Amino acid sequence: MSKQPTRANGASTKRLAEDGGASPLSKSLHGLSLQHASRPPAVADSSSDICPVCKSSRYLNPNMQFKVNPECYHKMCESCVDRIFSHGPAPCPIAGCARTLRKAKFRRQTFEDLKVEREVDIRRRVAGAMNKKEEDFETLMDYNDYLEQVEEITWNLILKVDVEATEGRLRRWEDHQKAELNPNARRREFDSSVPTDHVVLKKGATQRKTAAPASTPQTIANEMNEDIGFKFHGLKKRVAPPPEAPFDPFGGWSIAPQYYVLQDDYEVDWLTNQKNDVKHSVGGYDMRDFYNRSLREAFGGFGVFIEDEINARGTPSLDPHVGTKQAASVAVGARDVNMDDVF
Amino acid sequence: MKLSEDDIYRTSTQFNHWSFTTQQLAAQRLKTNMQATERVKANVARQRAQRLQQAESDSLSSGVENGSGANTPLPDRSSDVKEVDCLTAEEELMIVDEFCERALALGAHCQFPTEVTASCVQFLRRFYLYNSPMTYHGQNISRTAMFLACKTENAHQSVETFATNFSKTTAEQILAPEYVIVQGLRFQFDVKHPFRGLKGGHLELVEMARGSYEGPNNIEDGMTSADLQARMLTLPRKAHEPSAKTSMQDMEKRLTSAYGFASHILKNAALLTDAYFLYTPSHIWLSSHLLADEPLTLFYLSIKLPSHSPLYIKLLSTLRSCAALLSSHRTFNAQRSPDVDAKHKARVKQLIEKLKSCRDPDKVDLVKLNQAQKRDAVEGEGGFDESKAKRRKVERETYQKESDNFWGPELPKA
C-alpha cells in the first residue's frame, strides 16, 4: 500500500526531470533552426542530414532523400545510389563493408531506428517461411514449442548467431513447404541450375555461384530421408486435397431403361432405305438414336397409371404455379389477359 | 441415380398438366361450360340493352312521339328477354369432336405429316378443355391450331403459304387467335404421341420373330432367343383359339398387319377420344395393338413383365379399359354403318346451327380484338383509350431516339 504511491511519484518526478532537462536544449535548437516548418520531424537528428558517402548535407540540398539496402542497412543519399549503382551491382561504399548491393533493393526506411527496420525485415522473412497455425499441430503444447523455436530462429538471425546455418535450414524448409504444396513445381526445377542470391562481381560481369548443397534438387525417391531444415514435434502431415472429379453435366443422373435393352440393329423392311441412305449417314445420323428414342417412347409411362397417380397427388392439375400466373388465371377464371406492351 | 423411362415420362408437361381422371375431365368441362354460359348470357343482355337504348334515342331524335310509337318497343322487348339457349357440356364436347374430325380432314387435305395433324387435334382438345366453343368458334381456332402444330412439329410454313390452303382466309385471321390459343395451352407445346412408341414395339416384335431378341425376358429363366422364337411361332391366331404353328414369313406378315391396324387406330380413334388425357402414350399404343392382335400383345407383355405380378394385372386392366375407349369410337370400325353416320352428321349440323345463336358477341371478331391489343391501337371497346396509346407511342419514339443517339441509327439496307 505504501510502496505504490511512492513509485508513481518517483516515475513522475523522473519524467519531469527529463522533460525539464530536454526543454532548454530543444528550445534553443528550435530557435536556431531556419527551416523548422519544412523539415519532416522524423529526421530531426542532425547527423542524419549529412550523407556518409558524398558528405553533402540537407542544408545545401533540401530535397535530399536517404535510402538503405536491407543487405547491410547502410544509409546513403539518393544521388549516391544513382551514381554508384546505376550500372549494375557494386560493393557498398561504406568503409569496412564490402557487400555487393543492387540498386533495385534500395528503399526508404520505414522506421527511424535501423535496428528496428532490420528486425522487422527479418521477422517478416521468418514469418513467411514459418506459417503454421495451431490447427496444423496435434496439441497446443506442440504449437507453443513450435512458436518458441520460431522465435529462437528469429533471434538467431537478429543477433547474427549462426546466420549461415540458420539461413540454410530456413531455405531448405521453404523449399520443402513449396514442394509439398505443389509437387509439380519441384520437378520443373530439376533441369535448371538454381541461381542463388549470392552474386560476386568479377571484372564487370556477374558470375553466379553454384547453388549451395542444401538447395540442390533431390529426387522424389529419397524425399523421405531428405533434410528439410527443421523438424517440429507434433506437426500433422499435410493432406493433399483430393483430385477434382471430372465434370458431370448430368450431376450423377443417368438413364437406365427398365423394360428394354437396346440392340445394335433391328432388321425391318421399312427401315432399309433409311439405313442405306448416304444422305443420312454422311450427316452423322446414327440409326441407334432412332431405335433408342422409339423404344424409350414405347415404354415411357409403361408403369404410370394416371388415375392412381393423380389421386395420390391429391390436388388436381389446376395449381396456380402452372405455366405463368396469367395463363393459369385464364385457365381457371373466365377472363382474358391482355398482352401488355412494355412501352 | 438412375432414371427409368417412367421417370422421364413423369417429368413431361403432358403428364403433369394434361393428364386427368375421368371425373376431373367431366368436372372441368362442366365448369368451363357454366362459365361460358354465364358470360354469353351477360354479354348478350348487355348488347341488347345497348341496342334498345340506341333505338330509343333514335326514336326520340326522329321526333316520333305519338302513342303508337311509344307502344311498339314493348312487344319487342318481351321477345328479346327470351333467354339465350346455350349449349350444354355434352353438346360442346360433340362440337369439339366434330372440329377435331375436320382438323383430321384438313391435315389430310394439306398433306401434313401425321404428327402435325395429331398435335393440332390435341391442341384443340386441350384448348377446349378450358375454353368453350361458344366463346371461340372452332372454325377459327382449328386453323390457327394447325398453324401452331406445323411450327411445333418442325413442318413450318409461312403464314401466307399456310393461308392459301383456305379460301377467303387471310394471314391476319390465322394469326389473330394465336396468342389466345398459346395461352390456353399454357405455353406447353409438347404432345407425346404414341406413334413412335408403336414403331419401337414393332421393332422388338420383329426381332423376337427372327430369334434375335436380346432384351429382358420374364417368361422363364434361361430362355434363349431361339426358344422365344419357337414359342412365338406357336401363338394362336386369335384370342381363345388353340395354338397353331406358323412360319416365320407368316408371322412377319401378321406383325405388319397388326402394326397397320394399330397405326390406323392411333391416327383416328385415339386422337378423337380422350385417350391422351386419360392414358399414357405407352398404354395407348399397347391397347391399340391389343385391339389389333390380342395373342401377340399378351405374349409381348408377358415377356416384359412376369405374368403374375400385380403390375402386370393392373397394366392389363388399364389396357383393356383404354382399348374399350378406343373401340367405342365411331371411326373404329372400318365398315361403319351409314345409318349411324348419317344420324351423327344430322345431329352435329343441328348443333352447329344452334351454336350460331349462342355465341359470345364479344369474341366474334377475333381480328379486331387482336388489333385492339396491339401497340398503337386507338380506341376499341376492349382496347386502350387514345391518350394512353399516344403517350406510349411518344415514349417509344423518344426511347428509340435515345438509343440511336448512343448506338447510331440503323444501317440502311443495301
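Please read all numbers here as calculations on a predicted model, not as lab measurements. Below, chain A is the first sequence line, B the second, and so on; all start at residue 1.
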With the side chain counted from C-beta on, respond yes when [X] and [Y] share a heavy-atom pair under 4.5 Å apart, and no when they do not.
X	Y	answer
F250(A)	M1(B)	no
L271(A)	L203(B)	yes
P216(B)	V261(A)	yes
Y260(A)	E5(B)	yes

Pick one of side chain, backbone, both or neither for [X], based on which atoms fall under 4.5 Å of a heavy atom in chain A.
X	value
I8(B)	side chain
K314(B)	both
I284(B)	neither
T318(B)	side chain
Y213(B)	both
L301(B)	side chain
R10(B)	side chain

Salt bridge or not between R196(B) and E297(A)? Use side-chain N to carboxylate O under 4.0 Å.
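Salt bridge between R196(B) and E297(A), a charged N being under 4.0 Å from a carboxylate O: yes.
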Please round to the nearest 0.5 Å and tell me the distance separating atom [atom1] of [X] and atom [atom2] of [Y].
X	Y	atom1	atom2	value
N311(A)	Q23(B)	CG	CD	7.5 Å
E307(A)	S321(B)	CD	OG	8.0 Å
E309(A)	S19(B)	CD	OG	9.5 Å
I255(A)	K2(B)	CD1	NZ	11.0 Å

Residue, of D7(B), L305(B), N218(B), V182(B), that accumulates the most heavy atom pairs under 4.5 Å with chain A:
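Highest number of heavy-atom pairs under 4.5 Å: L305(B).
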Under 6.0 Å from the CZ atom of R107(A), do we count more than 12 heavy atoms belonging to anything else shown?
yes
Within a radius of less than 6.0 Å around NZ of K105(A), do more than 12 heavy atoms belonging to other residues, nucleotides or ligands occur?
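Atom NZ in K105(A) is not crowded, with 12 or fewer foreign heavy atoms closer than 6.0 Å.
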Contacts of residues 130-149 of chain A with chain B (heavy atom under 4.5 Å):
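When heavy atoms of chain B are the reference, residues 130-149 of chain A contributes no residue within the under-4.5 Å range.
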Proximity of residues 298-306 of chain A to chain B, residues having a non-hydrogen atom under 4.5 angstrom
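Residues in range: A298(A), F299(A), G300(A), G301(A), F302(A), G303(A), V304(A), F305(A), I306(A).
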Counting distance only, does the side-chain N/O of E267(A) pair as donor-acceptor with the main-chain N or O of V206(B) below 3.5 Å?
no
Looking at every heavy atom in both E207(B) and D265(A), which two are closest together, and how far apart are they?
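For E207(B) versus D265(A), the nearest heavy atoms are OE1-O, 3.9 Å.
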Contacting moiety of N292(A), where chain B heavy atoms sit under 4.5 Å
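Nothing of N292(A), per the 4.5 Å heavy-atom cut-off to chain B.
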